[in-house]
Amino acid sequence: MAVLDGFNLARLERRTDWTPNVFSLRLTGAPLTFKAGQFTKLGLLDDEGNMISRAYSLVNAPLNTSDMLEFLIVAHPEGKLTPKLQQLQTGDGVYVGKEAYGDLTFDIIPKQTQNLWLLSTGTGIGPFLSLLDDMNFRPNCDEIVLVHAVRHEKELVYRYLIDQLVQQYEGRLRYLPVVSRDSDTTHLSGRIPQLLQSGALLRSADVSLAPEQSFVMLCGNPEMIKDTQQTLVEMGLNKYRRATGGNIIFERYW
Ligand code: NAP
């Protein structure tokens, strides 16, 4: 595979198929300097030799001991890249951007934050797993709530890692799965904004969500982000800006 400006060439170490359209790629061989919670580009060449690349968040935290990079991806049948990424086999080449970007990072969380709320849909849980798993920069808040909203229970990925994190945080981390399209789920059912409005999410977490003490990070479906932000503003929280501070920061996934 050709050398391309702005990209390193990685090899697929392992593909994990969670559902027929949700999968993870573990890559090695492409060194990347990044902060936990950031994203970079993954790319492949099309049949004409043109690069097709899209942004994906790292699921793992930066590691001192290896150049392993892991990404959580949902395949779009009509997409130009994800169906190809989904067919990669161990040893296949993938281009990885040389830079990482994104604000869902430890250093953006105000130091005085007591309750950190991490609200995600679908593959948007990826950056939060990276953030929580960074041994060097563990959020120091009293309470952390990780919400993962998916259509179906089978899309509640990385349960083994989340269980480990819950143990490591020794009572400070709560994991709240939300399922919207399985009628027989034992988890919270519905969508994040409505569950915030009804109080169900706050009751389940038993953690407060208030402007003076909370910081909220959102990642995933842009409509979820729009609707949730509106709900949070109605609850008195404000969008975060570097100059003025605030309580809400987000990353849209498309
Ligand atoms: P999703 O449609 O994002 O659903 C994930 C969860 O978000 C579901 O529980 C869903 O609830 C909820 N949700 C949807 N709209 C919401 C809103 N306005 N407010 C609050 N919650 C909302 O599904 P996914 O499986 O994670 O992603 C797959 C779809 O996302 C694909 O069809 C694809 O089009 C799109 N996608 C596109 C890109 C891209 O780069 N173009 C990347 C990732 C995903 P409901 O079940 O009630 O809808």
Side-chain angles (χ1 to χ4, degrees), residues 18-19 21-25 34-43 52-59 71-83 85-86 97 99-105 108-109 116-132 145-152 154-158 176-182 187-198 200-201 209 214-242 246-254:
W18 302 99
T19 72
N21 66 340
V22 179
F23 61 100
S24 292
L25 298 180
F34 68 101
K35 294 179 192 172
Q38 289 193 311
F39 59 86
T40 188
K41 284 188 170 181
L42 294 183
I52 307 173
S53 68
R54 303 276 183 272
Y56 296 99
S57 295
L58 280 298
V59 176
F71 301 87
L72 174 63
I73 301 169
V74 58
H76 317 292
E78 319 82 47
K80 284 189 175 166
L81 183 61
T82 52
L85 289 174
Q86 196 179 17
E99 306 281 344
Y101 307 91
D103 291 331
L104 298 180
T105 54
I108 213 112
I109 303 167
L116 177 64
W117 285 77
L118 307 173
L119 307 180
S120 63
T121 57
T123 53
I125 192 173
F128 297 146
L129 296 179
S130 172
L131 185 70
L132 291 169
V145 185
L146 173 64
V147 178
H148 190 201
V150 294
R151 294 178 183 186
H152 303 288
K154 61 184 182 184
E155 291 155 355
L156 294 170
V157 296
Y158 286 105
L176 285 185
V178 176
V179 175
S180 55
R181 300 193 190 186
D182 288 341
H187 301 299
L188 281 172
S189 181
R191 288 179 161 192
I192 290 173
Q194 286 73 30
L195 291 168
L196 279 172
Q197 285 158 17
S198 70
L201 210 44
L209 180 45
S214 305
F215 192 70
V216 186
M217 299 171 115
L218 305 165
C219 190
N221 188 312
E223 291 301 311
M224 177 281 287
I225 289 172
K226 182 165 73 69
D227 295 351
T228 305
Q229 192 177 331
Q230 193 178 328
T231 301
L232 292 170
V233 167
E234 284 161 14
M235 293 168 71
L237 286 85
N238 299 302
K239 188 174 167 188
Y240 175 87
R241 291 186 176 81
R242 276 184 197 275
N247 332 76
I248 309 167
I249 191 158
F250 56 80
E251 209 125 81
R252 291 192 190 92
Y253 257 26
W254 63 94

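N21 has its side chain out of reach of T82: every pair of non-hydrogen atoms, C-beta onward, lies at least 4.5 Å apart. Taking the side chain as every heavy atom from C-beta outward, L58 and Q38 never approach each other to under 4.5 Å. Between F39 and F71, the closest side-chain pair of non-hydrogen atoms is not below 4.5 Å. Side-chain atoms of Y56 and L25, non-hydrogen and from C-beta on, never get closer than 4.5 Å to each other. For the pair F215/I248, no side-chain contact is recorded, criterion being any heavy-atom separation below 4.5 Å from C-beta on. Under the 4.5 Å side-chain criterion, counting only non-hydrogen atoms from C-beta, L131 is not in contact with L104. Two residues are said to be in side-chain contact when any heavy atoms from C-beta on lie closer than 4.5 Å; I125 and V150 fail this criterion. In this structure the side chain of L232 never reaches within 4.5 angstrom of the side chain of N247, judged on heavy atoms.
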Apply side chain to side chain contact (heavy atoms under 4.5 Å, CB included) to L116 and M217, showing your working. CA-CA 8 Å; L116 177 64; M217 299 171 115; 4.1 Å; yes
Test R242 against D103 for salt bridge (Lys or Arg N to Asp or Glu O under 4.0 Å), laying out the working first. CA-CA 11 Å; R242 276 184 197 275; D103 291 331; 3.2 Å; yes
Quick one, L146 with L129, criterion side chain to side chain contact (heavy atoms under 4.5 Å, CB included). Give me CA distance, side-chain angles, the key distance, then yes/no. CA-CA 9 Å; L146 173 64; L129 296 179; 4.1 Å; yes
Show your reasoning for whether side chain to side chain contact (heavy atoms under 4.5 Å, CB included) applies to H148 and L156. CA-CA 7 Å; H148 190 201; L156 294 170; 3.9 Å; yes
Pair F34, T40 - check side chain to side chain contact (heavy atoms under 4.5 Å, CB included), show working. CA-CA 9 Å; F34 68 101; T40 188; over 6 Å; no
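Contact between S189 and L195 at its shortest, heavy atoms only, is O-CD2, 3.6 Å. Contact detail for S57 and P127: the closest heavy-atom pair is CB-CD, 3.7 Å. Here the closest non-hydrogen pair linking G190 and S180 is O-CB, 3.5 Å. Counting all heavy atoms, side chain and backbone alike, P222 lies closest to R252 at CB-CD, 3.7 Å. Heavy atoms only, all atoms of each residue included: A75 and Q86 are closest at CB-OE1, 3.3 Å. Closest heavy-atom contact between G220 and T121: CA-OG1, 3.4 Å.
Atom CZ of R191 sits about 11.5 Å away from atom OG1 of T231, to the nearest 0.5 Å. Annotation: the span from W254 atom CH2 to R54 atom CZ amounts to 14.0 Å, rounded to 0.5 Å. Here the OG atom belonging to S120 is positioned 11.5 Å from the CG atom belonging to N221, to the nearest 0.5 angstrom. To the nearest 0.5 Å, the span separating CD on Q197 from CD on Q194 amounts to 5.5 Å. In this structure, CG in L218 is found 6.5 Å from CZ in F128, a value given to the nearest 0.5 Å. Rounding to the nearest 0.5 angstrom, the gap separating the CE atom in M224 from the CD1 atom in I192 is 4.5 Å.
Of the candidates V216, L201, D227, L196 forms a side-chain contact (heavy atoms from CB on, under 4.5 Å) with just one, namely L201.
For the residue pair E155 / T19, no side-chain donor-acceptor distance below 3.5 Å is found, with atom types taken as modelled.
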